[in-house]
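Order of the sequence lines fixes the chain letters, A, B, ..., with proteins taken first and strands second; residue numbering starts at 1 for each chain. The model shown is predicted, which means the values in this text are computed figures rather than measured ones.
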There are 2 protein chains.
Amino acid sequence: MQKDKLLTTIVDDHPIVIEGLKMLLQHEANIQVVGGFCSGAEILSYLRNNKVDLILLDITLPDINGMDLCQLIKSEWVSTTILILSNHTERSIILQSIQNGASGYLLKNSSIQELRQCIAEAIQGNIVYSRAVMEIISRPSKNQLQERPQLTRREKQVLALVAEGKTSQTIGQELFLSPLTIDTHRKNLIQKFNVKNMAELIMAASQQNLL
Amino acid sequence: MQKDKLLTTIVDDHPIVIEGLKMLLQHEANIQVVGGFCSGAEILSYLRNNKVDLILLDITLPDINGMDLCQLIKSEWVSTTILILSNHTERSIILQSIQNGASGYLLKNSSIQELRQCIAEAIQGNIVYSRAVMEIISRPSKNQLQERPQLTRREKQVLALVAEGKTSQTIGQELFLSPLTIDTHRKNLIQKFNVKNMAELIMAASQQNLL
DNA sequence: TAAAAAATACCTAAATATCAGGAGAAATAA
DNA sequence: TTATTTCTCCTGATATTTAGGTATTTTTTA
């Protein structure tokens, strides 16, 4: 074990992927894999007691999403490099990840060569994207053009209940609020999503996996 | 290389997963991994010239879906055992896979122990499911229980326009129909889907990939 | 060709949602 | 602590959908 090897860890809810990455990285000269974790809680707990230089991070995790976890980690361990390795091709997710401090975004179906290259690049301090990701960023498709609106806790709650076909009356009763308040939230949701009514809202929200 | 080792191959659009599985399986006494392929075309071409006993098959592939590929392979190479290894949790996909000749269905987020056990079982000739899959099969969730309603051409048309947030007025103009006719279609859609309003309808329809 | 299904159109009334404002209280962040 | 956001509730007007129906025409299917 050399001193100057980068301590690297993998966070992914698929044990197979962790194994695969370990295998790939174990032959890299300047990388030392120090663990693999299946959840946000595990990696956070590990970080509190161990130094880590590079994290390969999935978006889909059982307890927290990778974007939020990325922000969380970067806020406490600034010098740790995070590279997102995910299946998600949504432009919004990619951009949000970078915004939250990730040093790059790779798709899991990248070739092995591509992965190696990108990891090597990220270590140098560059922001890297796999080729497929580059294309997504440069030519956003129709439904990816619209950004994912930032919803408040209440709005998410109301959105979910509207999607169940409930009226403002019913929702108000359920949340112990005036139906007028629910109407206000509806109004705000319509504005944030830039849609005309609840039907289009549910459509937009479900396309962006907010339901 | 022993004679009685099972010749095993992996088909998955993620190179990392292939590597991970290879790593896991290389220590198994009675398994010999003979290749990994990223597409349906590749494995089919390989099968024409090589004997394979066990295939670990993903559902998502670039050129063909795993269910169809499974059927294709089983129709020509009956003695080859196929084990589906996928992320898809839809009951319909699981059942269709088994119907098409797969010897089991595992989720990719299974633990490594579970994978080993299931593979070992499948080799014995049993049909195996990972624990999570068992649960999906035995207790189908709400939206998987309800049958997919049979829609007429007009109803699909109206549904799509409603999902765009259009009113009966607008839709009527667009289709050169009376808005009252559109209302009738709305009514029928609500009945067929057994929902309370358009919001819930769009939700149900989008969950069933009808949009 | 006859029967069934689909598509069309209408009516009345009630229920709900949408639009355009404002405005105070509570929680959060700087 | 101050500023900002979020949450709450309101008025009043308008638009739209929903829930009962009924009924004719067109298209499909047996």
Could you tell me how far apart B/Gln169 (CD) and C/dT18 (P) are, to the nearest whole angstrom?
16 Å
From CD of B/Gln157 across to P of C/dA7 the rounded distance in Å is 9 Å
Given side-chain hydrogen bond (donor to acceptor under 3.5 Å, both in side chains), test A/His88 with A/Thr60 step by step and report yes or no.
CA-CA 9 Å; A/His88 292 272; A/Thr60 308; 2.9 Å; yes
Is there a donor-acceptor contact under 3.5 Å linking the side chains of A/His14 and A/Asp58?
no
Over all atoms of both residues, closest heavy-atom pair of A/Ile127 and A/Ile98:
CD1-CG2, 4.2 Å
Return the CD1 to NZ distance between B/Ile182 and B/Lys187, rounded to the nearest 0.5 Å.
12.5 Å
Could you state the CZ-C1' distance from B/Arg154 to C/dA5, rounded to the nearest angstrom?
15 Å
Taking all atoms of both residues into account, what is the closest heavy-atom pair of A/Asp63 and A/Gly40, and its distance?
OD1-N, 2.9 Å
Could you pull out the closest heavy-atom pair between A/Ser111 and B/Pro15, with the gap in Å?
CA-CG, 4.0 Å
What is the separation between atom CD on A/Glu200 and atom P on C/dC19, rounded to the nearest whole Å?
11 Å
Is any side-chain N of the basic residue among A/Asp53 and A/Lys5 closer than 4.0 Å to the acidic one's carboxylate O?
no
Would you mind reading off the distance between B/Arg153 atom CZ and C/dA6 atom C1', rounded to a whole angstrom?
10 Å
Please name the residue in the list B/Ile84, B/Leu85, B/Leu56 that meets the side-chain contact (heavy atoms from CB on, under 4.5 Å) test with B/Leu106.
B/Leu85
Going by number, which of residues 158-166 of chain A have a non-hydrogen atom under 4.0 Å from DNA chain D?
none
Does A/Asp13 pair with B/Lys108 as a salt bridge, N-O distance under 4.0 Å?
no
Could you check whether any side-chain heavy atom of A/Ser39 comes within less than 4.5 Å of a side-chain heavy atom of A/Leu61, counting everything from C-beta outward?
no
B/Glu155 bridged to B/Lys192 by N-O distance under 4.0 Å:
yes
If I take atom CD1 in residue B/Ile190 and atom C1' in nucleotide C/dT16, what distance separates them, rounded to the nearest angstrom?
12 Å
Chain A footprint on DNA chain D, 5' to 3' - any atom under 4.0 Å from a heavy atom:
D/dT6 to D/dT11
At a heavy-atom distance below 4.0 Å, what parts of residues 170-188 of chain A sit against DNA chain D?
A/Leu177, A/Ser178, A/Leu180, A/Thr181, A/Thr184, A/His185
